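Contents: one structure, followed by commentary.
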Number of protein chains: 2
Amino acid sequence: MMKYDLDKKPTRGAQRTLLAFSQTMFQLLAQKPFEKINVNEICQLCNFPRATFYNYFDDKYDLINYCWYVLAEKVHIEEADQLKPNEVVIIYFDRLYDLFENNSQLVLAILRHNQISGNLVNSFTNYLRNLAHKMFLEVFGNLHFDVPVELMVDHCSSTILLLIEWIFLKKQPTTRKQAHHYLAVLLGDPETTAVQDSTTEKPTHTGA
Amino acid sequence: MMKYDLDKKPTRGAQRTLLAFSQTMFQLLAQKPFEKINVNEICQLCNFPRATFYNYFDDKYDLINYCWYVLAEKVHIEEADQLKPNEVVIIYFDRLYDLFENNSQLVLAILRHNQISGNLVNSFTNYLRNLAHKMFLEVFGNLHFDVPVELMVDHCSSTILLLIEWIFLKKQPTTRKQAHHYLAVLLGDPETTAVQDSTTEKPTHTGA
DNA sequence: GTATAGGTTATACAAGTGTATAAGTATAGT
DNA sequence: ACTATACTTATACACTTGTATAACCTATAC
């Protein structure tokens, strides 16, 4: 749980401050690894005293969490409960695909200084996985699978993030259509896996 | 990469010291959350000066990594390359199942103070996922799937760890047999899920 | 048994962290 | 415009971190 309550609407001053800190963090992330960034530096760069930083955040991890919140605000799906599980999974994947496409410069910059599967990148993917998890939990409701619902929810959110990591963090360029195919295969969608023969177009994964 | 080189065989003194620090860490983990543990405390408890700690470890994260190494030494599979992919996945799962069963007291104690999906627990599951990943990469070699090999490797290691987390960290008691079934379903094993078309002949991919 | 790595220890230091307090300033609602 | 509330700031403190240095033990090999 973040120190600053995101539910209450912030005053103008608070908005300015929150924005300044998160932007500064993004700026620094594009310049150096997260572990090398310290609170003093952040405050110096955006001209706020340390006391102000600690008014809003417990520590830099709290700030980074807010950064992910800002970045991922757009991926929320409204009225998801009126859709079929299968649809929601694909829609959520597409939202993430958009998110990474629309922020590719930032993502690339961050990856230049922060190891994939390192602490920082993990914290972001965990954040997104969590979002997926919460949403799927609601949508999958009381449906019945061959495995417990919660396990299926875990599996779907994990697999989506796995694929996103594969494409955008491990940088394996993949079209949306191809990605959908992979997703179907990994999630064991019977329609997609078994009916390979009828589809003429084979996914062509060009090495590296 | 750890500060201390695990490949060279340690002298008797080094063994004593490494053991002392890792045991102390395990002891503290059973008492309080990882973030609340600091280097001073560890050194005080096992009667080594801080200087000695920093002879061996960069920081407490380095030590925890060594702890996972100690804990997971037994899960290595020898001559895995002579087995079929399917077998290796199940064998590795069983090793992890054993690991968690044999160390259930420790695991439970750690979970009392450290949130699931928190930093500490994640670092452990990541460690194990990495082990799985390396092993599967070798074994899966140049096999052909409906998706790129590396993606399939990612998926298998993720799914195994997902199931282990589900059973032992989220504490959903599951027999080994049941777990094997879940695993087969999640990995889309055609034999186990639904034997719709027995004529599934894999198209051979020409990709790298 | 003595040389020599390898390991241990005491001590000191610069830097960063998180908390607390009290005084000052901006903002929103009436 | 006034006032209560929310936010900002300066300052200070106790504590942890990681590094450096130099002296001191101790196991192994010759």
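Numbers restart at 1 for each chain; the letters A, B, ... are given by sequence-line order, proteins then strands. All figures in this text were calculated on a predicted structure; none of them were measured in a lab.
Taking the ring-ring contact (aromatic ring centres under 6.0 Å, His included) definition, one finds that F140(A) meets it with F136(A), F145(A), sequence neighbours left out. Judged as a salt bridge (Lys or Arg N to Asp or Glu O under 4.0 Å), and not counting sequence neighbours, the contacts of R176(B) are D94(B), D98(B), E101(B).
Centroid-to-centroid, the aromatic rings of H155(B) and H155(A) come within less than 6.0 Å. Side-chain rings of F48(A) and F21(A) approach one another, their centers coming within less than 6.0 Å. Close placement of the F34(A) and Y61(A) rings is indicated, their centers lying within 6.0 Å of each other.
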* **Base-contact (B) and sugar-phosphate-only (S) positions in nucleotides 24-30 of chain C, heavy-atom cut-off under 4.0 Å, - elsewhere** => ---SS--
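Side-chain atoms of I64(B) and Y69(B), non-hydrogen and from C-beta on, never get closer than 4.5 Å to each other. Y92(A) is not listed as a side-chain neighbour of S157(A), based on a closest heavy-atom distance of 4.5 Å or more. Between V89(A) and I160(A), the closest side-chain pair of non-hydrogen atoms falls below 4.5 Å. Using a 4.5 Å heavy-atom threshold, the side chains of L120(A) and Q115(A) count as separate. Residues L111(A) and V121(A) form a side-chain contact, since some pair of their non-hydrogen atoms from C-beta on lies under 4.5 Å apart. At a threshold of 4.5 Å between non-hydrogen side-chain atoms, the residues L71(A) and L106(A) count as touching.
One atom, CG of N55(A), and another, P of dT5(D), lie 18 Å apart when rounded to the nearest Å. In this structure, the CG atom of L63(A) is 15 Å from the C1' atom of dT17(C), given to the nearest Å. Protein atom CZ of F21(B) is 10 Å distant from nucleotide atom C1' of dT8(C), rounded to whole Å. Distance, N40(A) CG to dG16(C) P: 5 Å, rounded to whole Å. If you take NZ of K36(A) and P of dG16(C), they are 13 Å apart, rounded to a whole angstrom. The CD-C1' distance, from Q44(B) to dC15(D), rounds to 13 Å in whole Å. Whole-Å rounding puts the Q15(B) CD to dT8(C) P distance at 12 Å. Distance CD (E35(B)) to P (dG18(C)): 12 Å, rounded to an integer number of Å.
Distances shorter than 4.0 Å separate some side-chain N or O of N38(A) from OP1 or OP2 on dG16(C).
Using a cut-off of 4.0 Å between Lys/Arg side-chain N and Asp/Glu carboxylate O, E41(A) and K60(A) are scored as not salt-bridged.
For the segment residues 24-33 of chain A, no residue has any heavy atom less than 4.0 angstrom from an atom of DNA chain D.
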Table of protein N/O atoms under 3.5 Å from nucleotides 18-23 of chain D N/O atoms:
| residue | atom | partner | partner atom | Å |
| --- | --- | --- | --- | --- |
| dG18(D) | OP2 | Y54(B) | OH | 3.1 |
| dG18(D) | N7 | R50(B) | NH2 | 2.7 |
| dG18(D) | O6 | R50(B) | NH2 | 3.2 |

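Two end axes, each from the C1' atoms of five base pairs, can be drawn for the helix from dG1(C)-dC30(D) to dT30(C)-dA1(D); they diverge by 30°, to 10 degrees.
Between Y66(A) and F57(A), the angle of the ring planes lies from 30° to 60°, which puts this pair in the tilted group.
Note on Y56(A): only backbone sugar-phosphate atoms sit closer than 4.0 angstrom, heavy atoms only; bases stay farther off.
Taking the ring centre of Y56(A) as origin, the terminal cationic atom of K3(A) falls outside the region bounded by 6.0 Å and 45° from the ring axis.
Taking the side chain of T52(B) as heavy atoms from C-beta on, and the options dT9(C), dT9(D), dC7(D), the nearest nucleotide is dT9(C).
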